[in-house]
S.K.: 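Structure provided below as structure tokens; questions to follow.
Here, residue 1 is the first one in the sequence, and each next residue gets the next number. All values below were derived from every heavy atom in this structure, side-chain atoms included, with hydrogens, water molecules and symmetry-related copies excluded. Numbering of ligands and ligand atoms starts at 1, following listing order.
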Amino acid sequence: MNQQVAMEAPRSIRLNPSDNVAIVVNSGGLPAGTQMGDITLIDHVPQAHKVTLADIPEGGAITRYGEVIGYAIKALPRGSWVNELLLELPTPPELASLPLATKVPADLPALEGYTFEGYRNADGTVGTRNVLGISTSVHCVAGVVDHAVRIIKERLLPKYPNVDDVVGLNHLYGCGVAINAPEAVVPIRTLQNLARNPNFGGEILVVGLGCEKLRPETLMPELPSDLAMRNVLSLQDEGFTGFQAMIDGILAMAEERLEQLNRRTRETVPASELVVGLQCGGSDAFSGVTANPALGYAADLIVRAGGTVMFSEVTEVRDAVHLLTPRCADEETGRAMLREMKWYDDYLAQGRTDRSANPSPGNKKGGLSNIVEKALGSIAKSGSSKISQVLAPGERVTKKGLIFAATPASDFVCGTQQLASGMTLQVFTTGRGTPYGLAAAPVIKVATRTDLAKRWHDLMDFDAGPVATGEATIEEVGQQLFELILDVASGRKKPWSDVWGIHNALAVFNPAPVT
Ligand code: CA
């Protein structure tokens with residue numbers, strides 16, 4: 001192994017001419033003494049980790065992406081390994097002084113002729129899947145819903161070949177919570193909009209208990225409560241004698257909706273109907289070099305095709321927000337961006353924590369020293385378009401183009417919140433690897449490195465690694481990813497998480513007290 005490493009030519013990537021560090025590309029890293037151009041490595045530098053390209057004095061700025069990612073806590077001569085213990089975290093951008101809408105990117109040329117096969121809905125949205133989503137108003141019913149879903153899949157689904165799946169939208173909210181607390185608006189709005197995700201075709205069915213704080217009919221605020229109640233089944237209803245009767249009741253209501261959903265068929269729609277969510281998880285230092293920039297290029301293509309792309313994860317954009325507020329379409333959108341950052345700063349402060357709680361140990365092992373470096377790599381996903389809308393957690397998207405949908409960075413919470421915002425397909429970049437998947441929408445997982453794509457050949461859907469080795473450009477890889485998005489949206493290709501049926505639980509963001 002070591003011999004093989006030694007035989008490979010040393011490769012490193014410097015992203016910006018002003019950077020005084022580069023990251024090592026070679027699998028297995030590079031040993032001390034390696035001659036990398038005119039630099040002799042002083043330390044062993046692991047793969048994806050940073051090496052200094054110049055002598056950096058104690059307190060000197062360490063620059064990557066052309067931005068300061070930290071200050072050296074001791075002198076770092078040229079050729080040193082820069083691990084996370086050697087950087088002091090810079091202060092985050094001061095929100096009050098950020099420029100708003102000062103560098104709004106001009107629209108890129110429109111992209112015509114791209115389509116996918118989607119499911120049109122009565123409300124004008126388009127789904128990528130045809131799924132019966134069974135909403136729930138409280139976690140008490142989760143076991144019953146899971147049981148019913150198993151039986152529906154076994155007995156009913158085969159009769160409705162146009163329906164892809166049945167999903168119980170179980171969550172931990174609904175009771176034992178401060179339902180009138182100001183922040184309760186977040187989980188309630190999330191559950192309301194989750195039921196309306198375009199992949200569920202507008203066929204809402206809610207299973208409730210009967211005594212919960214979150215009344216089931218509130219999940220359908222657009223309907224008068226008597227009409228909404230027709231879509232609700234409460235387990236405590238006196239008409240039910242025993243568990244079996246409840247299951248029969250759910251099956252009967254499910255069958256009505258399956259009949260409706262079965263009338264849906266895929267039709268050719270323009271790529272402008274895409275609503276793609278982006279996120280990352282288990283990131284490494286390649287995330288911001290390969291997968292995220294390629295995804296950013298694909299995001300630009302979707303925007304150019306008239307579609308919608310949302311990026312999220314507040315704690316992972318916070319330290320790069322000074323690069324985002326100038327890109328907001330107007331000052332109002334810029335102020336909405338600041339409002340979401342401020343809200344999260346306060347939320348973290350209330351829990352007596354701060355942004356240094358991110359990155360994770362795995363991120364650090366993958367070469368990401370701190371949240372600043374992670375954020376600079378993370379926002380590469382957003383491409384180069386203007387930001388046309390900023391959504392608070394769980395709000396539904398109402399504009400096309402590039403959207404910032406504020407969510408926590410936690411993979412499951414971000415996924416759930418994006419589903420509520422109307423995302424119908426997610427692209428997930430990862431450097432360390434994760435088997436993450438969602439039942440309600442397909443997830444394309446993009447590996448930042450070829451090593452990972454090969455090792456997890458039946459979990460990773462796309463390899464962005466060729467960007468690091470110079471075998472392909474960001475534009476080429478981004479174009480391939482865009483085409484894969486259209487294939488998956490059309491049902492022509494199944495991501496691995498759907499092949500295996502491995503899906504994470506929904507995790508509704510609840511910043512309000514649990515009682
Ligand atoms: Ca994440």
S.K.: Using ring-ring contact (aromatic ring centres under 6.0 Å, His included), reason through Trp81 and His44 one step at a time and then give a plain yes or no.
M.R.: CA-CA 7 Å; Trp81 172 34; His44 168 87; 7.4 Å; no
S.K.: State plainly whether the residues Asp345 and Arg318 are in salt-bridge range, i.e. N to O under 4.0 Å.
M.R.: yes
S.K.: Between side-chain atoms of residues 287-312 and protein atoms elsewhere (two or more places apart, or another chain), which donor-acceptor pairs fall under 3.5 Å?
M.R.:
from: Ser287; atom 1: OG; to: Asp284; atom 2: N; distance (Å): 3.0
from: Ser287; atom 1: OG; to: Asp284; atom 2: O; distance (Å): 3.1
from: Ser287; atom 1: OG; to: Asp284; atom 2: OD1; distance (Å): 3.4
from: Thr290; atom 1: OG1; to: Phe286; atom 2: O; distance (Å): 3.0
from: Thr290; atom 1: OG1; to: Thr448; atom 2: O; distance (Å): 2.8
from: Asn292; atom 1: OD1; to: Thr429; atom 2: OG1; distance (Å): 2.7
from: Asn292; atom 1: ND2; to: Gly377; atom 2: O; distance (Å): 3.0
from: Asp300; atom 1: OD1; to: Ser384; atom 2: N; distance (Å): 2.9
from: Asp300; atom 1: OD1; to: Ser385; atom 2: N; distance (Å): 3.4
from: Asp300; atom 1: OD1; to: Ser385; atom 2: OG; distance (Å): 3.0
from: Asp300; atom 1: OD2; to: Ser384; atom 2: N; distance (Å): 3.2
from: Asp300; atom 1: OD2; to: Ser384; atom 2: OG; distance (Å): 2.7
from: Arg304; atom 1: NE; to: Pro109; atom 2: O; distance (Å): 2.7
from: Ser312; atom 1: OG; to: Ala405; atom 2: O; distance (Å): 2.7
from: Ser312; atom 1: OG; to: Gln418; atom 2: NE2; distance (Å): 2.9

S.K.: Suppose we screen for salt bridge (charged side-chain N to carboxylate O under 4.0 Å, His left out). Which residues come up paired with Asp458, at least two apart in sequence or across chains?
M.R.: none
S.K.: Would Gln389 and Thr398 count as having a side-chain donor-acceptor pair, cut-off 3.5 Å?
M.R.: yes
S.K.: Take the Ca ion (ligand 1) as the centre and count protein N, O or S atoms at distances under 3.0 Å.
M.R.: 5
S.K.: For His457, what residues pass the side-chain contact (heavy atoms from CB on, under 4.5 Å) criterion, not counting sequence neighbours?
M.R.: none
